[in-house]
Amino acid sequence: MIEKKVRAYTNIALIKYWGKRNEEVILPTSSSLSLTLDAFYTETAVSLATGAEKDIFYLNNTLQSVAATEKVSRFLNLFREATGIQTPSVIRSTNYVPTSAGLASSASGMAALAGAANLAYGLNLDPKELSKYARRGSGSATRSIYGGFVEWQMGTSADDSYAVPIDDANWDIGMVVIVVNSQRKAISSRIGMKNTVETSPFYAGWLESTAKDLVEIKEAIRTRDFQKVGEITESNGMKMHGTMLGANPPLSYWEPNSIMAMQMVRQLRNEGIPCYFTMDAGPNVKVLCRLSDSDKIKTKLAEIFDPEQLIIAGPGQALQVIAE
Ligand code: ADP
Ligand code: DP6
Ligand code: CO
């Protein structure tokens, strides 16, 4: 039998998701919007293991801990409950993205797992339903079902909180990703956002502001106004980090080289190259740019960063099934 695996690309939010209103089924406090990237992805195969007592989870060819496997098992339970097939599985996954470093491994990882479980347990979900399943694994995974620009609509309940493709992004837009540090972060996105929601006095302002940003960026994407898309992206990311600075205890994922990278982006802009930065729950900086400017931007950034730290990414595709 040819084992099928599923590939899902990561996505980077231009309008951020930073907080849950329901932690159990993962409902966000606001809608978000991302660009799926072709340079970073996860490939996952799930095969039913008749006779096995528990799921067995390999990530990057390494057998995972009980805790990591239990997280995957809880997710697969959703598929087992829906089908009545109780059989455990062997899960083999490879991240072509650093894991837990703020480069969205949970987005590609959980979207690929959802896609592979959909095949293994035979649920036959369409992309919209798959997006809702992926959401239960990690909020950002909701969006990695689709390529290009994708909106995760917060919805009113677990049934209508899913992603919608907005635009295929085939209009000279992409990112230069600066890998400042690819090590595992100390505080996961899940914990970081929970602390922020619970303690940051800036949170109400964030919610008000991000709703407005979303409306405006969708219009800017529709009219392909790159500058507007970039300005809103940079502003929205900084506001998200502002909520973290206001949390108790205060939270910051930045490193000295993150600030250096932001400074270089501003300098590139002053030199006439339109580009804008955004950051997630980690020290790495993503530079939104015209794909046709990406080589020039990389050359400039290489004055400070090693070439291996600089990765050019174009718009990525939707989740896909591939044979081994
Ligand atoms: P990131 O910034 O990489 O998204 P998060 O803290 O959001 O970091 O999520 C990291 C978690 O995502 C991991 O601890 C693991 O639970 C999950 N994850 C990452 N890659 C995979 C994968 N390939 N398969 C299943 N789960 C994954
Ligand atoms: C800053 O989706 O990783 O990258 O839902 O708890 O798994 P969980 O968190 P996750 O959070 C992503 C936060 C972000 C912004 C974004 O991707 O929208
Ligand atoms: Co994540």
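Side-chain atoms are counted along with the backbone in the values below, which use heavy atoms only and exclude waters and symmetry mates. It should be emphasised that the depicted structure is a prediction, and the values quoted were computed from it without experimental measurement. Counting convention: from 1, in listed order, for ligands and their atoms alike.
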Considering non-hydrogen atoms of the protein only, which is the closest contact for atom 7 (O) of ligand 2, and what is the distance? S138 OG, 2.7 Å
Can you tell whether the side chains of E23 and K20 come within less than 4.0 Å, N to carboxylate O? no
Closer than 4.0 Å to some heavy atom of M240 - which atoms of ligand 2 meet that? 1 (C)
Just checking, any donor-acceptor pair under 3.5 angstrom between side chains of Q267 and Q263? no
Do N11 and S144 have side-chain atoms, one donor and one acceptor, less than 3.5 Å apart? yes
For S189, the ligand 1 atoms whose distance to one of its heavy atoms is below 4.0 Å: 5 (P), 6 (O), 7 (O)
Can you pull out the closest protein heavy atom to atom 14 (O) of ligand 1? Residue, atom name and distance to 0.1 Å, please. S100 OG, 3.7 Å
Side-chain H-bond candidate by donor/acceptor type, R80 with Y121, under 3.5 Å: yes
Short list, please: which atoms of ligand 2 are under 4.0 Å from a heavy atom of K20? 5 (O), 6 (O), 8 (P)
heavy-atom search around atom 20 (N) of ligand 1 in the protein gives N95 ND2, 3.1 Å
Closest to atom 1 (P) of ligand 1 (heavy atoms only, candidates A141, A111, S105, S188) is S105
Judged by heavy atoms only, the candidate from G282, G109, A104 nearest atom 21 (C) of ligand 1 is G109
For R143, which part has a heavy atom under 4.0 Å from ligand 2: side chain, backbone, both, or neither? side chain
Establish, from distance only, whether the side-chain atoms of Y203 and T29 form a donor-acceptor pair under 3.5 Å. yes
Heavy-atom proximity to atom 8 (O) of ligand 1, picking from K71, M193, E43, K185, points to K185
In terms of residue, atom name and distance, what is the protein heavy atom nearest to atom 3 (O) of ligand 2? S106 OG, 3.0 Å
Determine, for K228 against E231, whether the closest basic-nitrogen to carboxylate-oxygen distance falls under 4.0 angstrom. no
Can you tell me if E53 has over 12 outside heavy atoms packed within less than 6.0 Å of its CD? no
Identify, for atom 12 (O) of ligand 1, the protein heavy atom at the shortest distance, and state residue, atom and that distance. S106 CB, 3.3 Å
Looking only at protein heavy atoms, identify the closest one to atom 15 (C) of ligand 2 and say how far it is in Å. Y17 O, 3.3 Å
When only distance counts, is R190 in polar contact with ligand 2, meaning an N/O pair under 3.5 Å? yes
List every atom of ligand 2 that sits less than 4.0 Å from any heavy atom of A281, numbering the atoms from 1 in the order shown and giving each element. 1 (C)
N or O pair under 3.5 Å between G102 and ligand 1: yes
Check: T44 N/O within less than 3.5 Å of ligand 1 N/O: no
Indicate yes or no: does an N/O atom of T99 lie under 3.5 Å from an N/O atom of ligand 1? no
State if M110 counts as touching ligand 2 under the rule of any non-hydrogen atom under 4.0 Å. no
Sidechain N-carboxylate O distance under 4.0 Å for D293, K296: yes
Nearest non-hydrogen protein atom to atom 4 (O) of ligand 2, with distance, is D280 OD1, 3.3 Å
With distance as the sole criterion, is a donor-acceptor pair present between the side chains of D160 and Q153 under 3.5 Å? no
Looking only at side-chain N and O atoms, does R7 offer a donor or acceptor that is under 3.5 Å from a partner on Y9? yes
Enumerate the atoms of ligand 1 whose separation from the nearest heavy atom of M110 is less than 4.0 angstrom. 26 (N)
Electrostatic pair D280:K16 at N-O distance under 4.0 angstrom: yes
Quick check on contacts: which atoms of ligand 1 are under 4.0 angstrom from a heavy atom of S93? 22 (C), 23 (N), 24 (N)
Under a heavy-atom criterion of less than 4.0 Å, does A101 contact ligand 1? yes
Looking at G139, which atoms of ligand 2 are within less than 4.0 Å of one of its heavy atoms? 2 (O), 5 (O), 7 (O), 8 (P)
Test item: side-chain donor near acceptor, T99 and R184, under 3.5 Å: no
Identify the closest protein heavy atom to atom 11 (O) of ligand 2: which residue and atom is it, and at what distance? M193 CE, 3.3 Å
Assess whether a salt bridge exists between E271 and R266, defined as any Lys/Arg side-chain N lying under 4.0 Å from an Asp/Glu carboxylate O. no
Run the numbers for me: atoms of ligand 1, each under 4.0 Å from some heavy atom of L59, listed by number. 23 (N)
Could you verify whether a donor N or O on one side chain and an acceptor N or O on the other, from S31 and W152, lie under 3.5 Å apart? no
Give a yes-or-no answer on whether the side chains of T44 and S93 include a donor-acceptor pair shorter than 3.5 Å. yes
Do S89 and D55 meet the criterion of a side-chain donor-acceptor pair at a distance under 3.5 Å? no
Protein heavy-atom partner closest to atom 25 (C) of ligand 1 - residue, atom, separation in Å: F57 CZ, 3.8 Å
Distance filter under 4.0 Å to L103 heavy atoms, resulting ligand 1 atoms: 2 (O)
Need the ligand 1 atom indices (1-based, order shown) with element for anything under 4.0 Å from a heavy-atom of T42. 23 (N)
Is there a donor-acceptor contact under 3.5 Å linking the side chains of S258 and N284? no
List every atom of ligand 2 that sits less than 4.0 Å from any heavy atom of S140, numbering the atoms from 1 in the order shown and giving each element. 2 (O), 3 (O), 10 (P), 17 (O)
Measure from the Co ion (ligand 3) to each N, O or S atom of S106 and report whether any distance is below 2.8 Å. yes
Any side-chain donor paired with an acceptor under 3.5 Å for N95 and T42? yes
Strictly under 4.0 Å, does any heavy atom of S32 approach an atom of ligand 2? no
A281 to ligand 1, any heavy atom closer than 4.0 Å: no
Quick check: do L33 and F149 have side-chain heavy atoms less than 4.5 Å from each other? yes
Neighbour count above 12 (heavy atom, 6.0 Å) for E198 CD: yes
R135: heavy atom below 4.0 Å from ligand 2, yes or no? no
Tell me yes or no: between the side chains of S292 and D172, is some donor less than 3.5 Å from an acceptor? yes
With a cut-off of 4.0 Å, which atoms of ligand 2 are near a heavy atom of W18? 1 (C), 13 (C)
Quick check: does R190 get an N/O under 3.5 Å from an N/O on ligand 1? no
Show which atoms of ligand 2 fall inside a sub-4.0 Å distance from at least one heavy-atom site of A13. 16 (C), 17 (O), 18 (O)
